[in-house]
There are 2 protein chains.
Amino acid sequence: MSSRRKVPPDEDLTTRARIRDAAIACFGEKGLGVTVRAIAERAGVSPGLVIHHFGSKANLRKVCDDHVRQVVYEIKKESVSHPSSDGMLRSLKEIDKYSGLLAYLFRAMQEGGELSRHLYEAMVADVESYLELGVREGTVRPSRDPARRARWLAANGFGSILVLVTMQQDTENPDFSQVLRDWEEQYVLPALEVYTEGLLVDRTMLDGYLVYISDPPEEER
Amino acid sequence: MSSRRKVPPDEDLTTRARIRDAAIACFGEKGLGVTVRAIAERAGVSPGLVIHHFGSKANLRKVCDDHVRQVVYEIKKESVSHPSSDGMLRSLKEIDKYSGLLAYLFRAMQEGGELSRHLYEAMVADVESYLELGVREGTVRPSRDPARRARWLAANGFGSILVLVTMQQDTENPDFSQVLRDWEEQYVLPALEVYTEGLLVDRTMLDGYLVYISDPPEEER
DNA sequence: TCCGAGGCTGAACAAGCGTTTAATGTATTG
DNA sequence: CAATACATTAAACGCTTGTTCAGCCTCGGA
């Protein structure tokens, strides 16, 4: 039984897994339109073998999605069980390890689809629970609509990074750790400013909108 | 001279312009990977004619980019000279007219490139000038770094819409006016809340960060 | 009236794509 | 050892793509 190993001795990964990893790397670096031939070349196999193992390119994408989703899940689980003392700052330094993963995630998010929605919904749920905790602890102000505030904040945070990466994408290979370092360096201050002190001086716009939604103007419809 | 018109009498647009408009519509609806044949069919011409007029598909993209850029410029100019009384609300109602334009812009922004960067930089500049005006008028709080705050706010606002559209993109044809109406309905309240009242109760995080950047910890480097 | 330039078409071309297929090697099983 | 199953490959297939080409039609100018 134990001698019935099909794992090649020179590599510690199955050929199938090597193809999958090569595909994730290629999708991340060159976009989701990358050819099966390019993936095969990177994995050191023939194009036919890729199809032989995964049936089709679409299914290969699906397998990559599932794998990335699971790796993200494991990373998240580990970061919960091993809470780092520095919080975000430390995790920013660990980003280099996952830059390939992030590149793939970025491409997947650009395209939309199941993986995007699933991860985004998970992110929204996380933000909402964090905010709820903050409200209970007294560090975060309560909201008139906590669920929508969480969605809005998640869309802001994630979307701003998406925009930053997209705009900085002229060179072929976007360096995600660099982009995220830039993001930290440039935007933490204005974000903390606005989140702490607000943006508007007076309440006229907010109060005006609250009146507006409680008594919407009649229109032709 | 005046009789030397080449414009077909049944249509008020040149064939070239009709192809261009069809291309913008197709790019917006079906993505930037849409085929030349689909564009030709929509314009009611043969695929060869598209190339005959524009040389290549890449150049057609460029012409579309330039055209969209100019239309955006003219809309902006008009909205400055004819400031609507209702401000944003009125412009939200005018969005239906430009939903095709917005679809193209969305696709272009997803891909990155010259048009994206140009329009994004223009947007950042607009936000910065609006904020500056608000600060002078006393409606917007001053910032320790106005330029970066403007960039952050622009990335947030634009990125959040980008995320919303991307996530809501399972059906083939994203209805942009609907997405933007959703955005208005769901996120104006939390946005005004946070911008008016802030998100955090106390200043510990902001003050902590201000100390951190004025006296960064020594690290191995 | 004739001519020629240019808008325009339908068919074809060359390249690239994902995928299939037949064949070869290789290891495990009976 | 023979047989079976599987990993693997090179070549080719069918399809779609952007683009080209030869010829048609139309219309303004001499």
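In what follows, chains are A, B, ... by sequence order, proteins preceding strands, each numbered from 1. The basis for the numbers below is simple: all heavy atoms, side chains too, and nothing from hydrogens, waters or symmetry mates. Because the structure is predicted, anything quoted here is derived from the model rather than measured.
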What is the distance from CD of E41(A) to P of dG16(C), rounded to the nearest Å? 14 Å
Mapping V36(A) and H53(B) onto DNA chain C by nearest heavy atom, which one lands closer to the 5' end? H53(B)
Expressed in angstrom and rounded to an integer, what is the separation of R61(A) atom CZ from dG18(C) atom C1'? 16 Å
Taken to the nearest whole Å, CD1/I39(B) to P/dG18(D) is 8 Å
Heavy atoms under 4.0 Å, any strand shown: does V34(A) hit a base, just sugar-phosphate, or nothing? sugar-phosphate
Do NZ/NE/NH1/NH2 and the carboxylate oxygens of D65(B) and R69(B) come within less than 4.0 Å? no
Quick note, S46(A) side chain, CB onward, closest among dC8(C), dT19(C), dT9(D) is dT9(D)
Are any of T15(A)'s side-chain N or O atoms less than 4.0 Å away from OP1 or OP2 of dT8(D)? yes
Nearest listed nucleotide, side chain of V45(B), among dT8(D), dT20(C), dT9(C): dT9(C)
Please evaluate the base of dG16(C) for a donor-acceptor partner in the side chain of R37(A) within a cut-off of under 3.5 Å? no
Closest-nucleotide ordering on DNA chain C, the 5'-leading residue of G55(A) and T35(A): T35(A)
I need the NZ-P distance between K30(B) and dT17(D), as an integer number of Å. 11 Å
Nearest whole Å is fine: how far is dG7(C) P from I19(B) CD1? 11 Å
Should the pair E29(B)-R42(B) be classified as a salt bridge under the 4.0 Å nitrogen-to-oxygen rule? yes
Atom-pair distance (CG on L49(A); P on dT20(C)), nearest Å: 14 Å
In this structure, how many angstroms lie between the P atom of dG16(C) and the NZ atom of K57(A), rounded? 15 Å
Using a strict cut-off of less than 4.0 Å between a Lys/Arg side-chain nitrogen and an Asp/Glu carboxylate oxygen, indicate whether R151(A) and E121(A) qualify as a salt bridge. yes
Look at the rings of Y195(A) and W152(B) and say which category their plane angle falls in: under 30° parallel, 30 to 60° tilted, over 60° perpendicular. perpendicular
Taking only the side-chain heavy atoms of H52(A) (C-beta and beyond), determine which of dG7(C), dT8(D), dT17(D) contains the nearest atom. dT8(D)
Under 3.5 Å, is there a donor-acceptor pair linking the side chains of Q70(A) and D66(A)? no
For atom CD1 of I51(B) and atom P of dA22(D), their distance in whole Å: 17 Å
